[in-house]
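Report on one structure; see the data block that follows.
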Amino acid sequence: GQQVMQIPQYQHVQEGEDFTTYCNSSTTLSNIQWYKQRPGGHPVFLIQLVKSGEVKKQKRLTFQFGEAKKNSSLHITATQTTDVGTYFCAGYSSASKIIFGSGTRLSIRP
Amino acid sequence: DVKVTQSSRYLVKRTGEKVFLECVQDMDHENMFWYRQDPGLGLRLIYFSYDVKMKEKGDIPEGYSVSREKKERFSLILESASTNQTSMYLCASSRSGATDTQYFGPGTRLTVL
């Protein structure tokens, strides 16, 4: 069946360092969403990418959707302690079925 | 703001008990979802509903059932709880499109002893 793989599972960085998480799908996606879950919280929507090769920015966060619409990435520049949490991608197949990646947990050394 | 509430934050049940997890949303959303979240496995879809009295199986429906008698309420039922159903259960809702943003509830951490 369709799978969405997300790597790395964990990332521990020094505050101020950059961070990137990657999602790869076994099939072409119609769109992809990114969510953030703070420790003890619930997932909160960050952004949606729809077009092939699309790049969107939210302050220090840059989101990319691959040309083949099978992969995506989230890059955070100069991490801050407020970035701590688990980042999930969620891909939609042509059948409009959602599949979440396993998440990347980001921790930060002040 | 969209508000999705779940009946309990923490729940402890015994093996074999029937368990009801309730979810209510206040934004007139058409779609509602139930997920379970386990370390290293992300969010796995159990059941979803695109309309009242309608339900569709997700990726891991075994051992679960759902009920949606009213638009705002979506219930997850464990007919006979087992220890491998110990998990965090998250409810979500979205407006109407199949790929609309999902809004999550706070989650229910269920422990089955």
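Proteins come first, then strands; the chains are lettered A, B, ... in the order of their sequence lines, and each starts at number 1. Because the structure is predicted, anything quoted here is derived from the model rather than measured. FYI, side chains are in, hydrogens and waters are out, and symmetry mates aren't considered; it's all heavy atoms of this structure.
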Problem set entry | Heavy-atom contact with chain A under 4.5 Å, split by part of L43(B) | both
Exercise. Under 6.0 Å from the CZ atom of R44(B), do we count more than 12 heavy atoms belonging to anything else shown?
Worked result: yes
Problem set entry | E56(B), part contacting chain A, at a heavy-atom distance under 4.5 Å | neither
For this session: Please report the closest heavy-atom contact between S102(A) and G40(B), naming both atoms and the distance.
Result: CB-O, 3.6 Å
For this session: Consider only side-chain heavy atoms of I, L, V, M, F, W and Y, link residues closer than 4.5 Å, and tell whether V19(B) and Y89(B) are in one cluster.
Result: yes
For this session: First locate atom CD of Q48(A), then atom OG1 of T101(B), and finally report the distance between them rounded to the nearest 0.5 Å.
Result: 6.0 Å
Exercise. Is the number of heavy atoms from other residues, nucleotides or ligands under 6.0 Å of R95(B) CZ greater than 12?
Worked result: no
Exercise. With no hydrogens and no angle check, is any side-chain donor or acceptor of Y35(B) less than 3.5 Å from a backbone partner on F100(A)?
Worked result: no
Problem set entry | Co-membership, hydrophobic cluster, residues F63(A) and I32(A), 4.5 Å side-chain | yes
Exercise. Do side-chain atoms of Q33(A) reach the backbone of T99(B) as a donor and acceptor pair under 3.5 angstrom?
Worked result: yes
Exercise. Should I99(A) and I46(B) be regarded as members of a common hydrophobic cluster, given that ILVMFWY residues are connected when their side-chain heavy atoms come within less than 4.5 Å of each other, either directly or indirectly?
Worked result: no
Problem set entry | R68(B) CZ: over 12 foreign heavy atoms closer than 6.0 Å | yes
For this session: Find out whether F104(B) and Q37(A) are in side-chain contact, i.e. whether some heavy atom of one side chain is under 4.5 Å from a heavy atom of the other.
Result: no
Exercise. Take atom CZ in R109(A); do more than 12 heavy atoms of anything else shown fall under 6.0 Å from it?
Worked result: yes
Exercise. To the nearest 0.5 Å, what is the distance between CZ (F45(A)) and CG (D100(B))?
Worked result: 9.5 Å
For this session: Tell me, for Y35(A) versus chain B, whether the close heavy atoms (under 4.5 Å) come from the side chain, the backbone, both or neither.
Result: side chain
Exercise. Chain A contacts: which residues in residues 78-88 of chain B have a non-hydrogen atom closer than 4.5 Å to it?
Worked result: none
Exercise. Would you say I76(A) and L46(A) are hydrophobically clustered, going by side-chain heavy atoms of ILVMFWY under 4.5 Å?
Worked result: yes
For this session: Establish whether M32(B) and Y50(B) are linked, either directly or via other cluster members, by ILVMFWY side-chain heavy-atom contacts under 4.5 Å.
Result: no
Exercise. If contact means a heavy atom pair closer than 4.5 Å, which residues of residues 79-88 of chain A contact chain B?
Worked result: F88(A)
For this session: Look up atom CZ in F33(B) and atom CD1 in I98(A), then write down how far apart they are to the nearest 0.5 Å.
Result: 6.5 Å
